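From a predicted model like this one, the values you see are computed outputs, not experimental measurements. Both ligands and their constituent atoms are indexed starting at 1 by order of listing.
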Amino acid sequence: MQIRTIATAPYTDQKPGTSGLRKRVPVFQQARYLENFAQSIFDTIAAPPDATLVLGGDGRYYNREAIQIILKMAAANGFGRVLVGQGGILSTPAASCLIRKYRTHGGIILSASHNPGGPDGDFGIKYNTANGGPAPEKITDAIFAQSKKIAQYRIADAADVELDRTGDYEIGDMTVSVIDPVEAYAELMESLFDFAAIRALLASGFRIKFDAMHAVTGPYAREIFVNRLGAPADSIMNAVPLPDFGGGHPDPNLTYAHELVEVLYGDGAPDFGAASDGDGDRNMILGKHFFVTPSDSLAILAANAHLVPGYQQGLAGIARSMPTSAAADRVAKALGIPCYETPTGWKFFGNLMDAGKVTLCGEESFGTGSDHIREKDGLWAVLFWLNILAVRKQSVEAIVFEHWARFGRNVYSRHDYEDIPADAANGVMKLLQDRFAELRGAQFGHLRVKVCDDFSYTDPVDGSVSTGQGVRIIFTDDSRIVFRLSGTGTGGATLRIYLESFEPDVSKHHLDAQQALATLISIALQISELRKRTGREQPTVIT
Ligand code: G1P
Ligand code: ZN
């Protein structure tokens with residue numbers, strides 16, 4: 001096999017965001033674009049000779065082409081083996097599971113998560129380290145630095161590998177093992193949850209509907225829910241992964257998973273509904289005519305973890321991202337365990353889990369997970385809920401209301417303004433920062449500002465500091481407004497406004513969140529001048 005060293009010149013825009021490098025497909029299709037970034041990863045991680053790598057993606061457009069390129073580059077960069085999911089498919093949680101199970105040097109995941117796919121959609125690439133989690137900032141910063149000075153990349157002159165049949169193939173001295181993408185992951189799930197109890201629940205007439213959104217979880221859901229748990233085949237909708245996700249936006253929320261929402265809010269609705277995103281790490285949980293916010297879901301999983309075999313021995317601690325509601329904090333307090341508040345992005349949970357400080361983690365953005373892997377995990381959250389439902393034999397709604405009655409309700413919502421001009425978005429953030437002094441102590445009706453700052457975080461394990469993680473306006477009654485710019489978008493800017501208040505009064509727990517948060521919403525619009533600066537009257541997405 002001949003290894004070619006190809007001269008290249010840097011691209012200046014290869015800075016990884018909240019979760020890897022994400023760009024439109026045509027950007028990735030530019031000559032040397034993917035090669036430059038992959039070589040920057042290999043140069044940065046400097047894996048020892050013959051190291052093993054995991055490789056796979058969510059099946060979106062350009063997945064297969066990218067896999068062939070990366071395989072040939074891995075061979076030319078001295079890797080000994082690459083484990084690839086059959087068809088190039090690996091959900092993000094399954095990739096994390098494989099990195100840990102086979103103790104590989106790391107893995108490369110090809111995904112733009114919940115962003116739309118197809119020739120004009122998004123593509124993405126992310127490096128995960130040996131713990132199975134997204135590379136920490138010091139590595140992603142180093143990859144970016146390398147991408148700005150790269151002069152050459154290495155690639156093997158070899159034929160494409162047959163990705164659709166499992167088995168071992170050779171590229172020069174490197175072995176490519178094409179493996180079943182589902183099996184190891186399904187086994188891990190079976191080791192954590194009471195499959196017999198869930199099987200009995202499903203056999204008793206309890207009906208579920210899972211929306212795979214034509215994304216990566218289809219084959220995983222079929223194996224787990226249908227083959228292993230005995231659910232009828234029509235329990236899964238949009239089960240076939242498609243390169244453009246069937247033209248949809250594979251983000252499991254009330255706006256983009258409306259097909260599922262209509263089923264769960266319709267006549268003869270099933271008892272339980274759930275959806276996952278493009279790469280299988282997010283989850284949305286629904287009951288019959290009922291939506292569980294991700295923040296509440298994390299708190300409820302924590303409060304009921306003792307009912308689930310994999311967590312019966314107790315939780316070490318809980319972590320949530322800063323914009324996630326404090327519902328989990330209340331459970332942690334009741335359990336007498338610590339609760340950590342981290343910046344947005346799963347990469348901040350890795351150190352806490354590796355150090356044994358936390359067992360469960362979650363984000364308001366439909367991400368929940370535990371230390372079984374180092375990524376958030378959509379199907380894991382669904383199985384956790386099913387396990388709780390199998391033991392408690394109550395409806396989803398009843399479980400949530402009982403939870404609120406015990407802990408109080410953290411009323412919560414997020415308003416996203418998508419694809420606004422970057423200048424307008426930056427202007428809003430700058431205005432808020434300039435107003436910190438004026439806002440501190442300011443009175444808005446019955447609300448008085450207690451804290452006003454830009455969130456920064458010091459990692460308790462390695463001491464690394466992350467600044468500029470979102471503007472917080474916290475009132476004396478602990479209700480709060482958070483403003484943040486998205487770090488995952490590829491077009492324009494997305495401004496997120498997170499709103500939260502606490503309601504201890506059971507008689508008000510049935511209230512609609514938008515109504516209950518109306519005062520905070522109007523304060524947010526007023527102090528940010530958002531409507532004037534962006535020309536938007538309404539958010540694009542409300543969750
Ligand atoms: C979004 C979510 C964040 C999540 C990330 C990756 O990032 O808000 O919680 O970790 O996607 O799924 P953002 O676009 O806000 O930077
Ligand atoms: Zn995702």
Side-chain angles (χ1 to χ4, degrees), residues 15-22 56-60 90-96 109-117 122-126 128 133-134 137 140 212-213 215-217 220 241 245 249-253 256-257 275-284 293-295 297-298 319-325 341-350 361-369 373-381 412 414-420 425 429 455 466 468-471 482-498 540-541 543:
K15 184 174 171 55
T18 312
S19 190
L21 180 69
R22 289 190 194 166
D58 61 13
R60 67 178 59 226
L90 280 180
S91 76
T92 292
S96 184
I109 301 176
L110 304 172
S111 169
S113 186
H114 50 287
N115 295 6
D122 286 350
F123 190 74
I125 171 168
K126 164 170 112 160
N128 280 30
E137 268 179 350
T140 55
M213 303 190 84
V216 80
T217 49
Y220 294 85
F245 308 119
H249 190 150
D251 200 1
N253 61 39
Y256 294 130
S276 190
D277 70 329
D279 62 332
D281 57 357
R282 293 187 172 195
N283 74 91
M284 175 170 71
T293 71
S295 294
S297 181
L298 172 65
R320 63 162 173 89
S321 65
M322 180 274 283
T324 304
S325 95
E341 186 179 38
T342 61
T344 296
W346 208 260
K347 59 189 171 202
F348 294 100
F349 295 138
C361 307
E363 294 193 275
E364 50 63 43
S365 53
F366 298 82
T368 337
I373 54 171
R374 293 295 182 272
E375 289 278 5
K376 55 185 176 263
D377 191 343
L379 287 170
W380 170 91
Y412 189 83
R414 184 176 105 183
H415 290 197
D416 291 339
Y417 292 80
E418 293 182 350
D419 211 4
I420 53 180
M429 296 304 286
F455 181 64
S466 303
Q469 298 294 325
V471 165
V482 173
F483 293 85
R484 225 190 114 250
L485 291 182
S486 159
T488 57
T490 54
T494 293
L495 182 70
R496 306 198 195 283
I497 306 180
Y498 309 80
T540 325
V541 178
T543 47

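- A donor-acceptor pair is defined here as one N or O able to donate and one able to accept, closer than 3.5 Å; such a pair exists between the side chain of Asp277 and the backbone of Asp281.
- Residue Gly367 places no heavy atom under 4.0 Å from ligand 1.
- Inside a sphere of radius 2.8 Å centred on the Zn ion (ligand 2), the protein N/O/S atoms present are Ser113 OG, Asp277 OD2, Asp279 OD1, Asp281 OD1.
- In terms of modelled atom types and a separation under 3.5 Å, the side chain of Ser321 and the main chain of Pro343 share no donor-acceptor contact.
- Between Lys376 and ligand 1, at least one pair of N/O atoms sits closer than 3.5 Å.
- Remark: ligand 1 and Arg496 share an N or O pair separated by less than 3.5 Å (distance only, no angle test).
- Checked against a 3.5 angstrom limit, the closest N/O atoms of Arg484 and ligand 1 fall inside it.
- Every atom of ligand 1 with a heavy atom of Gly345 under 4.0 Å away is listed here by number and element: 10 (O).
- Of the N and O atoms on the side chains of Asn128 and Ser96, not one donor lies less than 3.5 Å from an acceptor on the other residue.
- Side-chain N or O atoms of Arg60 include none that pairs as donor or acceptor with a backbone N or O of Gly124 at under 3.5 Å.
- Counting only residues at least two apart or on different chains, the salt bridge (charged side-chain N to carboxylate O under 4.0 Å, His left out) pairs with a member in residues 482-497 are Asp416-Arg496.
- Neither the backbone nor the side chain of Lys347 has any atom closer than 4.0 Å to an atom of ligand 1 (non-hydrogen atoms only).
- By the side chain to side chain donor-acceptor pair (under 3.5 Å) test, His249 pairs with no residue at all, sequence neighbours left out.
- Among protein heavy atoms, atom 9 (O) of ligand 1 sits closest to Ser365 OG, 2.6 Å.
- Panel note: side chain Tyr220, backbone Leu379; no donor-acceptor pair is recorded below 3.5 Å.
- The closest approach between a heavy atom of Arg414 and any atom of ligand 1 is below 4.0 Å.
- Considering backbone and side-chain atoms together, Thr344 places no N or O closer than 3.5 Å to any N or O of ligand 1.
- Considering backbone and side-chain atoms alike, Glu363 places an N or O below 3.5 Å from some N or O of ligand 1.
- Protein heavy atom closest to atom 7 (O) of ligand 1, with residue, atom name and distance, is Thr488 CG2, 3.5 Å.
- Considering OG of Ser113 and CG of Asp58, their distance stands at 8.0 Å, rounded to 0.5 Å.
- With respect to the salt-bridge test (charged N to carboxylate O, under 4.0 angstrom), the residues Glu341 and Arg320 qualify.
- For the salt bridge (Lys or Arg N to Asp or Glu O under 4.0 Å) test, no residue two or more places apart in sequence or in another chain qualifies with Glu418.
- Residue Ser486 touches ligand 1 through backbone and side chain together, judged by heavy-atom distances below 4.0 Å.
- Regarding atom 5 (C) of ligand 1, its nearest protein heavy-atom neighbour is Arg282 NH2, 3.8 Å.
- Without hydrogens or angle criteria, Glu364 side chain to Pro294 main chain gives no donor-acceptor distance under 3.5 Å.
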Yes or no on side-chain contact (heavy atoms from CB on, under 4.5 Å) for Asn283 and Trp380, after CA distance, side-chain angles and deciding distance? CA-CA 9 Å; Asn283 74 91; Trp380 170 91; over 6 Å; no
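- On a distance-only criterion, Gly487 and ligand 1 share at least one N/O pair closer than 3.5 Å.
- Ser486 pairs with exactly one of Leu495, Thr344, Thr494 by the side chain to side chain contact (heavy atoms under 4.5 Å, CB included) rule, that one being Thr494.
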